[in-house]
Each structure stands twice: as structure tokens, then as C-alpha cells.
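To keep things clear, I will list the structure first and then write my remarks on it.
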Amino acid sequence: MTATLAPLDLTHVQFVLLACAWWLGEHGDPPRQSQVAAQAGTDPKMTSDVVARLEAKGLLRREQDPADARAKFVLVTPAGAALAARAIKVVEDADASFFTEVDSTALASTLRTLSGIG
């Protein structure tokens, strides 16, 4: 994934957080940063650091939640939405390419051997 995302100037973690923020925003109200972290399964502090980097790139912006001074909404910019859609396609294509190369019969045989069954 590192090589796949490099031309898009995204790390894997940046991709995951951008994609999660985009998906959550598309399927409901703008998410809080804590919701993005929960969706991605990432540490809140690390999420904050990575979201700040994505914000500096102009892909996201954060807004204070008027109901909670400690919470921030994560809003994907138009540039971020376009990049998220492109990155999701590139990652899905890389996954498909990687996993179609697997010979399932040989893999099953190897796994049986490794587990001591075959």
C-alpha cells in the first residue's frame, strides 16, 4: 500500500483516516474527530496528529463543535473528497491485483502443511 499511495502523496494511515472521514460525512452528519478515530480503529492522539497533517494539505478542515468545546468536527474539503475517491479506487485495484495472484489450491496445501494437518 505504501507504493500504491505514494503517487497520491498519502501514507496508509492518512488514506484510512481521509477515507473514513469522507465515508462518515457522506453517510450522515459531519463526524467528530473521535468518531473518525473509532471508525478507523486508531488512537485518538495519533488521529489528531494525522488529521492536522491532512488539514495542512487542504484535504480536511476542522471546526469546533458548538455543543462541546473539546470536540471538533472533521469536514472533508472538495479536494479531499476527490482524492479520497481516487485513493479508494487505487487501493481496491491494488488489493484485487495482489489477491488474484494467489493460487488458492497451493495456499490451502501450504497452510495444511504448516498446521500439521497435511
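Values reported hereafter were calculated over all heavy atoms of this structure, with side chains retained and with hydrogens, waters and symmetry mates removed.
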Would you check if the side chain of [X] reaches a backbone N or O of [Y] as a donor-acceptor pair within less than 3.5 Å?
{"X": "Ser48", "Y": "Pro44", "result": "no"}
{"X": "Thr113", "Y": "Ser109", "result": "yes"}
{"X": "Gln64", "Y": "Ala71", "result": "yes"}

Any side-chain heavy-atom pair from Met46 and Val13 closer than 4.5 angstrom?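 Heavy-atom side-chain distance check passes, below 4.5 Å.
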Nearest non-hydrogen partners of [X] and [Y], listed with the distance:
{"X": "Gly58", "Y": "Ala79", "answer": "O-CB, 4.2 Å"}
{"X": "Gln14", "Y": "Val50", "answer": "CG-CG1, 3.7 Å"}
{"X": "Val36", "Y": "Pro31", "answer": "CG2-CG, 3.8 Å"}
{"X": "Val74", "Y": "Pro30", "answer": "O-CB, 4.5 Å"}
{"X": "Leu5", "Y": "Thr11", "answer": "CD1-O, 3.9 Å"}
{"X": "Met1", "Y": "Ala94", "answer": "CE-CB, 3.8 Å"}

Between [X] and [Y], does at least one N-O distance fall below 4.0 Å, as a salt bridge requires?
{"X": "Glu55", "Y": "Arg62", "answer": "yes"}
{"X": "Arg53", "Y": "Asp49", "answer": "no"}
{"X": "Lys45", "Y": "Asp43", "answer": "no"}

Residue list, side chain to side chain contact (heavy atoms under 4.5 Å, CB included) with Ala37, at least two apart or on another chain: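 If we apply the side chain to side chain contact (heavy atoms under 4.5 Å, CB included) test to Ala37, skipping adjacent residues, the hits are Thr42, Thr47.
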Flag yes if [X] and [Y] sit in one hydrophobic cluster, no otherwise; membership is Ile, Leu, Val, Met, Phe, Trp, Tyr, and two members link when side-chain heavy atoms are under 4.5 Å apart.
{"X": "Phe98", "Y": "Leu8", "value": "no"}
{"X": "Leu24", "Y": "Leu75", "value": "no"}
{"X": "Phe73", "Y": "Leu59", "value": "no"}

Option among Gln33, Arg32, Lys72 that satisfies the side chain to side chain donor-acceptor pair (under 3.5 Å) test with Asp65: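 So, applying the side chain to side chain donor-acceptor pair (under 3.5 Å) to Asp65 and each of Gln33, Arg32, Lys72, only Arg32 qualifies.
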How long is the gap from CZ on Arg112 to CG on Leu107, to the nearest 0.5 Å?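 Going from CZ on Arg112 over to CG on Leu107, the span is 9.5 Å.
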Got a second to check how far Leu10's CG is from Arg86's CZ, nearest 0.5 Å?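 CZ of Arg86 is found 9.5 Å from CG of Leu10.
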Name of the residue among Leu83, Asp9, Thr77 meeting side chain to side chain contact (heavy atoms under 4.5 Å, CB included) with Lys57: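 By the side chain to side chain contact (heavy atoms under 4.5 Å, CB included) criterion, Lys57 pairs with just one of Leu83, Asp9, Thr77: Asp9.
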Between Ile88 and Trp23, is the side chain to side chain contact (heavy atoms under 4.5 Å, CB included) condition met? List the steps. CA-CA 11 Å; Ile88 289 167; Trp23 189 89; over 6 Å; no
Counting neighbours of CG on Asp68 that are heavy atoms of other residues, nucleotides or ligands and sit closer than 6.0 Å, is the number greater than 12?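 Yes, CG of Asp68 has more than 12 neighbouring heavy atoms, counting only those of other groups under 6.0 Å.
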